[in-house]
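Numbers here are sequence positions counted from 1.
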Amino acid sequence: MLKKRIIPCLDIKNGRTVKGVNFIDIKDAGDPIELAKQYVKDGADELVFLDITATVENRKTLVELVERIAEEINIPFTVGGGISSVDDALVLIKAGADKVSVNSSAVKNPQLITDLKNRFGSQFVVVAIDTKYVNEQWKVFTKGGRNETELETISWSKEIEKLGAGEILLTSMNSDGTKAGFSIDITNSVSKAVNIPVIASGGAGKEEHFKDVFTKTEASAGLAASIFHFEEIPVPKLKQYLKKQNIPVR
């Protein structure tokens with residue numbers, strides 16, 4: 001079994017880290033630079049930075065904040081929010097991003113995934129899927145979870161892989177912020193349907209939830225936000241727990 005990754009996520013709004021429940025009811029969760037530094041100390045494997053209102057407000061990700069965080073950390077750093085072209089991605093690489101995450105722009109223009117792969121390599125391209133269970137099926141949502149699309153989650157996952165993405169960040173909107181556990185069924189279906197790594201996101205509230213997602217699905221990483229930001233489960237404690245469960249972590 002490949003070593004599993006633990007990834008804190010900084011959802012950024014107006015330069016602050018925030019956290020919501022089911023993509024709404026947003027609360028402040030602290031200074032992103034201080035949090036990023038703490039996660040490096042704690043042994044997080046990677047860090048994800050999502051400017052959650054960039055797409056909605058049609059403005060570019062907070063490049064200056066990305067630069068400041070990148071200066072402080074030495075772990076892989078994925079940045080998303082408002083990226084709609086190769087040029088947008090290039091600005092973020094220059095600012096210190098190791099990977100970019102695209103979501104709404106990839107749904108609107110799937111060719112963007114291939115363009116990014118051709119320019120930077122597939123390992124640089126993360127496609128985020130925000131998914132919700134609606135009318136008996138898992139559908140893809142865009143615009144920060146505001147817009148339901150016609151896309152069905154499994155088929156979009158396969159398409160993403162064909163187009164050249166190196167990784168999928170799968171967030172279950174039904175579970176997001178609930179702390180009731182990852183959505184095992186859709187995470188399992190997506191991770192079995194593709195041959196690229198899948199990061200499970202949405203719903204982590206207890207150490208056991210990470211055990212479940214790593215033993216019941218083929219997800220290669222677990223991503224969470226508030227439980228790490230508010231130190232409900234510190235990263236080192238989570239890794240010790242997983243090791244005791246014979247789940248290999250980095």
Side-chain angles (χ1 to χ4, degrees), residues 1-11 19 35-36 38-50 73-80 97-101 122-131 153-154 157 160-161 165-172 174-250:
M1 190 149 114
L2 285 171
K3 289 190 174 174
K4 304 297 188 183
R5 292 168 292 151
I6 302 299
I7 306 177
C9 180
L10 303 173
D11 292 316
K19 190 59 203 134
L35 284 167
Q38 187 59 47
Y39 291 136
V40 173
K41 266 191 214 146
D42 284 349
D45 298 304
E46 300 190 17
L47 191 64
V48 169
F49 170 113
L50 299 175
I73 66 173
N74 58 359
I75 55 176
F77 184 31
T78 300
V79 178
D98 298 296
K99 307 182 221 182
V100 293
S101 169
S122 63
Q123 77 291 340
F124 176 79
V125 187
V126 179
V127 178
I129 302 176
D130 293 335
T131 184
T153 302
I154 306 288
S157 304
I160 284 168
E161 181 178 24
E167 195 161 35
I168 290 171
L169 168 53
L170 180 72
T171 301
S172 162
N174 301 72
S175 303
D176 179 71
T178 62
K179 299 186 186 171
F182 294 99
S183 290
I184 297 296
D185 51 351
I186 188 62
T187 306
N188 190 38
S189 301
V190 170
S191 58
K192 279 196 155 80
V194 297
N195 293 306
I196 54 176
V198 173
I199 302 168
S201 163
K206 297 193 292 204
E207 293 167 345
E208 289 80 3
H209 295 153
F210 286 88
K211 180 184 92 169
D212 288 346
V213 84
F214 290 147
T215 55
K216 296 177 180 174
T217 82
E218 290 174 24
S220 74
L223 178 142
S226 57
I227 57 163
F228 296 144
H229 302 338
F230 300 119
E231 296 187 343
E232 291 162 35
I233 305 175
V235 173
K237 188 166 172 272
L238 174 60
K239 287 193 165 186
Q240 279 166 356
Y241 165 82
L242 292 170
K243 281 178 183 161
K244 281 185 186 149
Q245 306 299 315
N246 297 318
I247 295 165
V249 288
R250 292 190 178 180

Could you walk me through whether Glu167 and Val125 satisfy the side chain to side chain contact (heavy atoms under 4.5 Å, CB included) test, starting with their C-alpha distance in whole Å, then the side-chain angles of each, then the deciding distance to 0.1 Å, before giving a yes or no? CA-CA 7 Å; Glu167 195 161 35; Val125 187; over 6 Å; no

Is any side-chain heavy atom of Thr187 less than 4.5 Å from a side-chain heavy atom of Leu170? yes

At their closest point, which heavy atom of Ser157 faces which heavy atom of Val194, and how far apart are they? O-CG1, 3.6 Å

State the CG-OG1 distance between Asp130 and Thr153, to the nearest 0.5 angstrom. 10.0 Å

Does any part of the side chain of Ile168, heavy atoms only, come nearer than 4.5 Å to the side chain of Ile199, both counted from C-beta? no

Please examine the side chains of Thr171 and Ile129, heavy atoms only from C-beta on, and report whether any two atoms are closer than 4.5 Å. no

Taking all atoms of both residues into account, what is the closest heavy-atom pair of Lys99 and Val126, and its distance? CD-CG2, 3.8 Å

Any idea which heavy atoms bring Glu218 and Asn188 closest together, and the distance? N-OD1, 4.2 Å

With a 3.5 Å distance limit and no angle check, can you tell me whether Tyr39 reaches the backbone of Cys9 through a side-chain donor-acceptor pair? no

Using only atom types and a distance under 3.5 Å, with no angle test, would you say the side chain of Ser183 pairs donor to acceptor with the backbone of Asp185? no

I'd like to know if the side chain of Asp98 and the backbone of Thr78 have a donor-acceptor N/O pair within less than 3.5 Å. no

Just jot down the side chain to side chain contact (heavy atoms under 4.5 Å, CB included) partners of Ala128, sequence neighbours excluded, or say none. Ser101, Asn103, Leu169

All heavy atoms of Val213 vs all of Ala200, minimum pair found to be CG2-CB, 3.7 Å

Working to the nearest 0.5 angstrom, can you tell me the gap between Leu47 CG and Ile73 CD1? 5.0 Å

Quick one: do Val48 and Val79 satisfy side chain to side chain contact (heavy atoms under 4.5 Å, CB included)? Show the steps, please. CA-CA 6 Å; Val48 169; Val79 178; over 6 Å; no

Heavy-atom closest pair (Ala225 atom, Asp11 atom, distance to 0.1 Å) is CB-OD2, 4.4 Å

Would you say that more than 12 heavy atoms from the other residues, nucleotides or ligands in this model lie under 6.0 Å from the CD of Glu231, or not? no

Residues which pass ring-ring contact (aromatic ring centres under 6.0 Å, His included) with Phe124, listed by chain and number, not counting sequence neighbours: Phe120

Residues which pass side chain to side chain contact (heavy atoms under 4.5 Å, CB included) with Ser220, listed by chain and number, not counting sequence neighbours: Arg5, Pro197

Centroid-centroid under 6.0 Å between Tyr241 and Phe210 rings: no

Flag, side chain of Lys239 to backbone of Arg250, donor-acceptor distance under 3.5 Å: yes

Search all heavy atoms of Val198 against all heavy atoms of Ser191 and return the closest pair with its distance. CG2-CA, 3.8 Å

Could you give me the CA-CA distance, side-chain angles and deciding distance for Glu46 and Ile7, then say whether side chain to side chain contact (heavy atoms under 4.5 Å, CB included) is met? CA-CA 5 Å; Glu46 300 190 17; Ile7 306 177; 4.0 Å; yes

Run Lys243 and Gln240 through side chain to side chain contact (heavy atoms under 4.5 Å, CB included) and show every step you take. CA-CA 5 Å; Lys243 281 178 183 161; Gln240 279 166 356; 5.8 Å; no

Any donor-acceptor pair under 3.5 Å from Ser172 side chain to Ser175 backbone: yes

Go through the structure and list residues passing ring-ring contact (aromatic ring centres under 6.0 Å, His included) with Phe228, not counting sequence neighbours. none

Please round to the nearest 0.5 Å and tell me the distance separating atom CG of Leu242 and atom CD of Glu208. 10.0 Å

Return the OG1 to NZ distance between Thr215 and Lys4, rounded to the nearest 0.5 Å. 9.5 Å

Listed by chain and number, what are the side chain to side chain contact (heavy atoms under 4.5 Å, CB included) partners of Glu232, not counting sequence neighbours? Lys179, Ile227, Phe230

Which of these passes side chain to side chain contact (heavy atoms under 4.5 Å, CB included) with Val235: Val40, Val249, Asp45, Asp42? Asp42

Test side chain to side chain contact (heavy atoms under 4.5 Å, CB included) applied to Ala193 - qualifying residues, sequence neighbours left out: Ile154, Lys158

Once you round to the nearest 0.5 Å, how far does CD of Glu161 lie from CD1 of Ile196? 5.0 Å

